[in-house]
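Note sheet for the following structure.
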Amino acid sequence: MEGLQWFVDLGASVMLPVIIFIFALILGTKVKKAIQAGLTVGIGFVGLNLILELLTSSLGPAAKSMVEYLGFDLRTIDVGWPAAAAISYGTTLGSLAIPIGIGINILLLLFGLTKTLNVDIWNYWHFAFTGSLVYAITNNFAFGLLTIAVHVMVIFLLGDLLASDIQSYYGFKQITFPHAASAPSYFLAKPLNYVFDRIPWFNKLEANHETIQKRFGLLGDSLILGVLLGIVIGVLAGYNLQETLQLAIQTGAVLVLMPKMVALLMEGLTPVSEAAGEMMKKRFPNRELFIGMDSALSVGHPAVLSASLLMVPITLLLAVILPGNTVLPFGDLATIPFLICLMVPVFKGNIIRTVIAATIYISAGLYIATWVSPLFTEMANNAGFDAGDNSSISALVDGALWTTGLFVGVGKIVGWSGIAAIGIIAFAGLLYVNKIRKEGDQL
């Protein structure tokens, strides 16, 4: 267990290249090509993290300054997903999430109950998070383990269901995103898109990135949009001219550089995904295999980035106007692209639909983050996390997930039987999707 924890502590930029290299060899890729694929993916993640750090270091302080400048009182600090991941893996229960997740994935694959082979092991911290929260509520270790196992099954079900939309919109062959921060929003987008399609006039409104750029010319360019939003946020934060211009260039740089890092990631993953497809055709001619990856691959898409930047001021406004919310969005403002990236394929890149859906989603997320903040703070203290002078902390990325609210709510109110019922429903869903449903059928 200590060796596994040491490996996880290396971080995604080191851990993932090793996994990709081993996986590529198993699939029959030549050693040289496997090394190149793994290293390219690792370098892509380093570049992506550098850009996200730029976004965090520029937007985070600006957001905090904005709230303070305008005189609002939000006492729960959003510490961001990196802190949430460290806290989750820092508990005894959380350290078991990876072996449980890998074991369940192998069993589901062996029995043909999933098409997803997940190599995004680092993001199993989300399972550790929900399991640790339920453990904090119940003080029952076995109950926490059950929560982790059920959450794993739910995410594999979501990964199987959304794969077709990912491939058709983003063009990623044999890849899906069983990513617990991204997949839940897909199932808000689906019914909302059904409603949007039935609203007169609105259902004819084209607002994808290409249409906006064509209609508004220079103002529709994602780079210009990033710069303008940076200026607006800087002004609202009370920045001087120098600070405002620096923020504007930084937000514009993110929109230009992030797609290039995603392209680098895809360059490394392409030979692996192709090898996986070939292997499945040879050994299981009637079975399809998806490689489960980090949804970071999709956050560089222009529609995702444009909608995400628009959601930054909207999220801050929501935090201020929603009655009962205590969370100050801070660490996870740069994570908004991960929260909405799987809404975009459902809406076919329509930025207006995405922003409306994201507003609903993050509104609920702020309330969930507020609700779980006492548990989150207790879990952080138990893991030895130093929250500084903040007596209350939370994370927007895990608040903006119906899975967090579902597991914590059911665990607290219903107990064992409720979590077990979710597990039975998830298993039935996997059985239907992979054994019963015919091609072309819709849920």
Side-chain angles (χ1 to χ4, degrees), residues 3-4 6-52 98-99 101-103 105-106 108-110 112 114-124 156 159-160 162-179 182 257-301 338 341:
L4 181 61
W6 176 87
F7 184 55
V8 171
D9 289 342
L10 291 174
S13 60
V14 175
M15 186 174 69
L16 195 55
V18 175
I19 295 172
I20 292 294
F21 170 71
I22 295 171
F23 186 41
L25 290 180
I26 293 172
L27 293 173
T29 307
K30 293 181 179 180
V31 175
K32 179 182 177 182
K33 204 170 185 179
I35 292 174
Q36 289 175 331
L39 290 177
T40 302
V41 169
I43 292 168
F45 261 96
V46 169
L48 190 63
N49 285 332
L50 286 173
I51 296 167
L52 287 174
I98 289 179
I102 293 173
N105 193 187
I106 292 171
L108 292 175
L109 284 168
L110 287 175
T114 186
K115 297 181 180 73
T116 300
L117 174 59
N118 194 19
V119 301
D120 183 29
I121 294 173
W122 165 256
N123 280 303
Y124 281 13
F156 277 112
D160 286 345
L162 54 83
S164 60
D165 278 325
I166 289 172
Q167 293 187 75
S168 63
Y169 184 76
Y170 289 122
F172 300 152
K173 296 180 179 179
Q174 306 303 132
I175 286 178
T176 189
F177 301 139
H179 192 292
S182 303
L257 296 175
M258 191 175 287
K260 298 183 186 301
M261 293 303 103
V262 173
L264 191 60
L265 279 169
M266 284 309 302
E267 182 183 331
L269 286 171
T270 298
V272 181
S273 62
E274 289 175 351
E278 290 299 318
M279 186 198 75
M280 290 303 292
K281 287 178 183 178
K282 290 178 181 177
R283 299 192 179 185
F284 306 99
N286 297 320
R287 284 185 63 182
E288 191 174 18
L289 178 70
F290 305 126
I291 301 174
M293 285 298 303
D294 192 318
S295 55
L297 292 175
S298 64
V299 301
H301 191 279
F338 290 85
C341 63

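All residue numbers in this chain count up from 1 along the given sequence.
Looking at every heavy atom in both residues, F21 comes nearest to V31 through CE1-O, 4.2 Å. Nearest approach of Q167 to E288, heavy atoms of both residues: NE2-OE2, 4.4 Å. Shown here for F290 and A163, the closest heavy-atom pair between the two residues is CE1-CB, 3.5 Å.
To the nearest 0.5 Å, atoms CD1 (I106) and CG (L117) are separated by 9.0 Å. A distance of 4.5 Å separates CG of N105 from CG of L109, quoted to the nearest 0.5 Å. Atom NZ in K33 sits 11.5 Å away from atom OG1 in T40 (nearest 0.5 Å).
Partners of D165 under the side chain to side chain donor-acceptor pair (under 3.5 Å) rule, at least two apart in sequence or in another chain, are Y186, K190. Partners of L39 according to the side-chain contact (heavy atoms from CB on, under 4.5 Å) rule, which considers only residues two or more places apart in sequence or in another chain, are I35. For D160, the side chain to side chain donor-acceptor pair (under 3.5 Å) criterion is met by T114, T116, N434, not counting sequence neighbours. In this structure, the ring pair (Phe, Tyr, Trp, His ring centres under 6.0 Å) partners of Y170, at least two apart in sequence or on a different chain, are F172, H301. Partners of S182 by side chain to side chain donor-acceptor pair (under 3.5 Å), not counting sequence neighbours, listed by chain and number: S295.
Residue F177 forms a side chain to side chain contact (heavy atoms under 4.5 Å, CB included) with just one option from L297, D294, N118, and that option is L297.
Distance alone, capped at 3.5 Å, places no donor-acceptor pair between the Q174 side chain and the I291 backbone.
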